[in-house]
Amino acid sequence: MTAHDDHDHHDQHASGELGEMELRVRALQSVLTEKGYIDPLALDVLIDTYQTRVGPRNGARVVARAWVDPGFRDWLRQDATAAIASLGYAGRQSEHMVAVENTATHHNLVVCTLCSCYPWAVLGLPPTWYKSAPYRARAVRDPHGVLRDFGVTLSDSTDVRVWDSTAELRYLVIPRRPEGTEGWSEERLASLVTRDSMIGTGLAKSPQDTQ
Ligand code: FE
């Protein structure tokens, strides 16, 4: 499986040329605009919101706060929706959040087996692979195998719990805090929290990864 190699910059070609997908999107947008179905300005606001203001940086700040503040962590585990909203992250697709915490013995993995339910307010738009049929099917059947495909090797004794997102419930994985980060600021810690680590298909980066 290579679907997770999909990077966020797929539509930015070094040469400045437009990729095929971008051309198709532009063509579609032109037609819809001409026919009066969409207002391009409103579309820009929406895209900007989900690309820059709502995204995995929000979730990373939630995780970093949980790492440094045990009171916040407890709140997050008991009422994730409220704890997350207290940091200013709320909205569509994140009305009912549940935070699940990785430990030395338990790893959490999030999938939506039915479609692509995803916590937009804290993670932004879902990656392409999250919506793919192979991920959705295998995450449940063979979670250890899926994790290996993502480069995550857990000991055989680690119990992987798979959480099935629904329209009602969205999950946020709290990855384990990496070793060697004692005394780090929240902001610095947040830089270690990847999108995938909050879905469970990755781990938080270690301090060495950032050098
Ligand atoms: Fe879904």
Side-chain angles (χ1 to χ4, degrees), residues 4 8 50-91 93-112 117-127 130 139 143-144 146-148 150-155 157-165 169-211:
H4 60 270
D8 292 326
Y50 284 101
Q51 278 193 337
T52 60
R53 295 199 294 119
V54 181
R57 288 304 92 209
N58 292 357
R61 289 190 196 102
V62 172
V63 170
R65 174 69 58 85
W67 283 346
V68 300
D69 180 346
F72 182 80
R73 190 190 63 187
D74 291 345
W75 187 19
L76 188 61
R77 293 182 58 189
Q78 280 156 25
D79 185 352
T81 312
I84 290 168
S86 77
L87 297 184
Y89 311 132
Q93 309 281 329
S94 303
E95 292 93 344
H96 302 287
M97 294 289 308
V98 171
V100 288
E101 190 176 19
N102 290 345
T103 67
T105 52
H106 294 285
H107 183 88
N108 297 286
L109 179 67
V110 180
V111 65
C112 175
C117 299
Y118 192 75
W120 294 5
V122 279
L123 295 188
L125 297 174
Y130 185 82
H144 278 274
V146 167
L147 288 171
R148 270 195 302 275
F150 276 89
V152 177
T153 313
L154 301 171
S155 71
S157 60
T158 303
D159 176 35
V160 178
R161 294 180 183 172
V162 180
W163 302 87
D164 197 351
S165 279
L169 278 184
R170 305 296 161 94
Y171 296 92
L172 178 73
V173 175
I174 309 172
R176 297 180 70 198
R177 178 170 173 166
E179 310 254 338
T181 57
E182 293 75 19
W184 281 35
S185 70
E186 240 176 276
E187 198 185 328
R188 201 167 163 214
L189 285 168
S191 71
L192 300 176
V193 184
T194 64
R195 177 195 66 195
D196 288 8
S197 74
M198 294 181 280
I199 302 174
T201 51
L203 306 176
K205 290 191 273 188
S206 69
Q208 299 92 285
D209 293 338
T210 62
Q211 283 165 6

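Residue numbers start at 1 and run along the sequence shown.
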Engineer: For a quick test of reading the model, state the closest non-hydrogen atom pair linking Ile84 to Tyr89 and the distance between them.
Structural biologist: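 Looking at all heavy atoms of both residues, the shortest contact is CG2-O, 3.1 Å.
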
Engineer: side-chain contact (heavy atoms from CB on, under 4.5 Å), that's the test. Do Cys112 and Tyr130 meet it? Break it down for me.
Structural biologist: CA-CA 8 Å; Cys112 175; Tyr130 185 82; 3.9 Å; yes

Engineer: Run Glu179 and Ser206 through side-chain contact (heavy atoms from CB on, under 4.5 Å) and show every step you take.
Structural biologist: CA-CA 7 Å; Glu179 310 254 338; Ser206 69; over 6 Å; no

Engineer: Side-chain contact, heavy-atom cut-off 4.5 Å: Thr105 with Ser157?
Structural biologist: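 With C-beta onward as the side chain, the pair stays apart.
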
Engineer: For Val100 versus Tyr171, what's the shortest heavy-atom pair and its separation?
Structural biologist: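 Distance-wise, the nearest heavy atoms are CG1-CD2, 4.3 Å.
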
Engineer: At what distance, to the nearest 0.5 angstrom, does NE2 of His144 lie from OG1 of Thr153?
Structural biologist: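 Output value for this atom pair is 11.0 Å.
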
Engineer: Can you name the closest pair of heavy atoms from Pro143 and Val160 and give their distance?
Structural biologist: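 Heavy atoms of Pro143 and Val160 come nearest at CB-CG1, 3.7 Å.
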
Engineer: Is the backbone N or O of Ala121 less than 3.5 Å from a side-chain atom of Asn58, with the two atoms forming a donor-acceptor pair by type?
Structural biologist: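 Here the side-chain-to-backbone pair exists.
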
Engineer: Are the side chains of Leu192 and Trp184 in contact, using a 4.5 Å heavy-atom criterion?
Structural biologist: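 Heavy-atom side-chain distance check passes, below 4.5 Å.
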
Engineer: Is there a donor-acceptor pair closer than 3.5 Å between any side-chain N or O of Arg161 and the backbone N or O of Asn108?
Structural biologist: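 Between the backbone of Asn108 and the side chain of Arg161 there is no qualifying donor-acceptor contact (under 3.5 Å).
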
Engineer: Could you pull out the closest heavy-atom pair between Ser197 and Ala204, with the gap in Å?
Structural biologist: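 Closest approach of Ser197 to Ala204: CB-N, 3.6 Å.
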
Engineer: Is there a side-chain contact between Asp79 and Thr81, using heavy atoms and a 4.5 Å cut-off?
Structural biologist: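 A side-chain contact exists here, since the closest heavy-atom pair is under 4.5 Å.
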
Engineer: Looking at OG1 of Thr194 and CG of Leu203, how far apart are the two atoms once the value is rounded to the nearest 0.5 Å?
Structural biologist: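 It is 8.0 Å, given to the nearest 0.5 Å.
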
Engineer: Once rounded to the nearest 0.5 Å, what's the spacing between atom CG of Leu123 and atom CZ of Arg195?
Structural biologist: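 Interatomic distance, Leu123 CG to Arg195 CZ, rounded to 0.5 Å: 8.5 Å.
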
Engineer: Is any side-chain heavy atom of Ile199 less than 4.5 Å from a side-chain heavy atom of Pro127?
Structural biologist: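 Touching, per the 4.5 Å side-chain cut-off.
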
Engineer: Indicate the atoms forming the closest heavy-atom contact of Ala83 with Ser86, along with that distance.
Structural biologist: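 Minimum heavy-atom separation between Ala83 and Ser86: O-OG, 2.6 Å.
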
Engineer: Which heavy atom of Pro207 sits nearest to which heavy atom of Pro178, and what is that distance?
Structural biologist: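 Heavy-atom minimum between the residues: CD-CB, 4.1 Å.
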
Engineer: State whether the side chain of Arg176 and the backbone N or O of His107 hold a donor-acceptor pair below 3.5 Å, judged by distance alone.
Structural biologist: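 No.
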
Engineer: Side-chain donor-acceptor contacts of residues 65-72 below 3.5 Å, not counting sequence neighbours, with atom names and distances?
Structural biologist:
unit_1, atom_1, unit_2, atom_2, d
Arg65, NE, Glu186, OE1, 3.3
Arg65, NE, Glu186, OE2, 2.7
Arg65, NH2, Glu186, OE2, 3.4
Trp67, NE1, Pro175, O, 3.0
Asp69, OD1, Gly71, N, 2.9
Asp69, OD1, Phe72, N, 3.1

Engineer: So, taking the atom named NZ in Lys205 and the one named CG in Asp196, what distance separates them when rounded to the nearest 0.5 Å?
Structural biologist: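 So the NZ of Lys205 and the CG of Asp196 are separated by 11.0 Å.
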
Engineer: Measuring from atom CG of Leu189 to atom OG of Ser185, what distance do you get when rounded to the nearest 0.5 angstrom?
Structural biologist: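 It is 6.5 Å, given to the nearest 0.5 Å.
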
Engineer: For the CG atom of Leu154 and the NE2 atom of His106, what is their distance to the nearest 0.5 Å?
Structural biologist: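 Nearest 0.5 Å value for the CG-NE2 distance: 12.5 Å.
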
Engineer: List in chain and number order the residues that pass side-chain contact (heavy atoms from CB on, under 4.5 Å) with Glu101, two or more places apart in sequence or in another chain; answer none if no residue qualifies.
Structural biologist: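 Partners of Glu101 under the side-chain contact (heavy atoms from CB on, under 4.5 Å) test: Arg73, Arg77, Ile174.
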
